[in-house]
Structures are given as structure tokens and as C-alpha cells.
Amino acid sequence: MPLPETLAALLGQVNEQVSVLSDREPLVALRAANILQQHTRMSQQNAARTIERDRISPAAVGTALGCTPSQAKDQLRTYR
């Protein structure tokens with residue numbers, strides 16, 4: 001499932017910025033990565049709750065994530 005172009009570009013820019021920082025300012029890069037990780041975790045939890053609430057099938061989740069329905073169910077469990 002493709003990401004919206006603006007989101008894909010933004011994620012690419014963030015990745016590039018953090019990668020550059022990891023060589024020049026590793027502590028700043030680590031801090032940035034930690035913040036991203038925290039926000040990502042919250043987004044994963046919110047998305048997992050919505051998927052459960054809306055009863056989206058494991059097959060649809062697997063398609064979106066590029067994995068099997070069984071792997072998608074396992075992955076969703078880690079987001080709880």
C-alpha cells in the first residue's frame with residue numbers, strides 16, 4: 001500500500017537528516033531517533049486499536065504491511 005507522496009517525502013527527509021546527524025552529532029541523532037520512536041509507538045498503538053475497533057481483516061493488514069495475515073496478527077499484538 002503506497003504512502004501519500006508528501007508523507008513519503010517527509011519520512012525520507014527525516015531519515016536523511018538523522019543519518020547525517022549520526023555521523024556529526026551522534027547524541028543529537030540518538031535523541032531525535034528516541035523522539036521518533038516514541039511517536040511511532042503511539043501511532044502504532046492508535047492504528048492497532050482502530051484496526052481492531054473497525055474489524056479490519058488480517059488479510060487487509062497483511063497487504064498493507066507487505067506480509068502474511070498471520071504475520072500481521074503477530075505484528076499487531078506487539079503494538080498493544
Side-chain angles (χ1 to χ4, degrees):
M1 175 170 288
L3 295 174
E5 286 182 33
T6 55
L7 180 57
L10 183 58
L11 291 171
Q13 290 173 354
V14 169
N15 184 54
E16 185 178 323
Q17 292 276 333
V18 174
S19 292
V20 168
L21 281 173
S22 67
D23 289 333
R24 296 180 187 166
E25 298 284 342
L27 296 177
V28 175
L30 191 60
R31 175 74 175 130
N34 189 50
I35 292 168
L36 288 168
Q37 188 176 36
Q38 291 171 359
H39 289 286
T40 299
R41 182 73 178 155
M42 287 187 295
S43 295
Q44 289 168 327
Q45 290 169 342
N46 290 338
R49 282 193 292 270
T50 301
I51 286 166
E52 288 175 0
R53 181 195 69 210
D54 294 351
R55 296 190 173 134
I56 297 172
S57 74
V61 176
T63 298
L65 297 177
C67 62
T68 68
S70 178
Q71 291 168 326
K73 286 166 60 174
D74 291 341
Q75 196 160 349
L76 285 174
R77 277 189 216 105
T78 68
Y79 298 153
R80 291 187 193 138

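Worth saying up front: this structure is predicted, and the values here are computed from it rather than measured. Along the sequence shown, residues carry numbers from 1. Below, each value reflects all heavy atoms present in this structure, side chains not excepted, and no hydrogens, waters or symmetry copies.
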Inset, instruction - Can you tell me which residue pairs pass the side-chain hydrogen bond (donor to acceptor under 3.5 Å, both in side chains) test with a partner in residues 59-68, sequence neighbours excluded? - result: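 Residue pairs passing side-chain hydrogen bond (donor to acceptor under 3.5 Å, both in side chains), neighbours aside: Thr68-Gln71.
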
Legend entry - Residue pairs, two or more places apart or on separate chains, that pass side-chain hydrogen bond (donor to acceptor under 3.5 Å, both in side chains) and touch residues 33-42: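 Of all non-adjacent pairs touching residues 33-42, none passes side-chain hydrogen bond (donor to acceptor under 3.5 Å, both in side chains).
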
Inset, instruction - Please identify each residue that fulfils salt bridge (charged side-chain N to carboxylate O under 4.0 Å, His left out) with Glu52, with sequence neighbours left out. - result: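 In terms of salt bridge (charged side-chain N to carboxylate O under 4.0 Å, His left out), with neighbours along the sequence ignored, Glu52 is linked to Arg80.
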
Inset, instruction - Not counting sequence neighbours, which residues clear salt bridge (charged side-chain N to carboxylate O under 4.0 Å, His left out) with Arg53? List them please. - result: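 Scan of Arg53 (salt bridge (charged side-chain N to carboxylate O under 4.0 Å, His left out), adjacent residues dropped) gives none.
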
Inset, instruction - Can you run down the salt bridge (Lys or Arg N to Asp or Glu O under 4.0 Å) pairs that involve residues 2-28, sequence neighbours left out, and say none if there aren't any? - result: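 Qualifying pairs: none.
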
Inset, instruction - With sequence neighbours excluded, give me every salt bridge (Lys or Arg N to Asp or Glu O under 4.0 Å) pair touching residues 64-75. - result: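 Checked against salt bridge (Lys or Arg N to Asp or Glu O under 4.0 Å) - neighbours excluded - the pairs reaching residues 64-75 are Asp74-Arg77.
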
Legend entry - Residue list, side chain to side chain donor-acceptor pair (under 3.5 Å) with Asn15, at least two apart or on another chain: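 By the side chain to side chain donor-acceptor pair (under 3.5 Å) rule, Asn15 matches no residue at all.
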
Legend entry - Atom of Ala72, atom of Cys67 and distance for their closest heavy-atom approach: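 Scanning both residues completely, I find the closest heavy atoms to be N-SG, 3.6 Å.
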
Legend entry - Partners passing side chain to side chain contact (heavy atoms under 4.5 Å, CB included) against Ala59 (at least two apart in sequence or in another chain):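 In terms of side chain to side chain contact (heavy atoms under 4.5 Å, CB included), with neighbours along the sequence ignored, Ala59 is linked to Ser57, Pro69.
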
My understanding is that a hydrophobic cluster links ILVMFWY residues whose side chain heavy atoms are under 4.5 Å apart, including indirect links. Using that, what else belongs to the cluster containing [X]?
{"X": "Met1", "answer": "none"}
{"X": "Val61", "answer": "Ile51, Ile56, Leu65, Leu76, Tyr79"}
{"X": "Leu3", "answer": "Leu7, Leu11"}

Inset, instruction - Could you tell me whether Gln17 atom CD has more than 12 heavy atoms of other residues or ligands within 6.0 Å of it? - result: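 Count not over threshold, so no.
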
Side chains of residues 26-33: which donor-acceptor partners sit under 3.5 Å, not counting sequence neighbours?
none

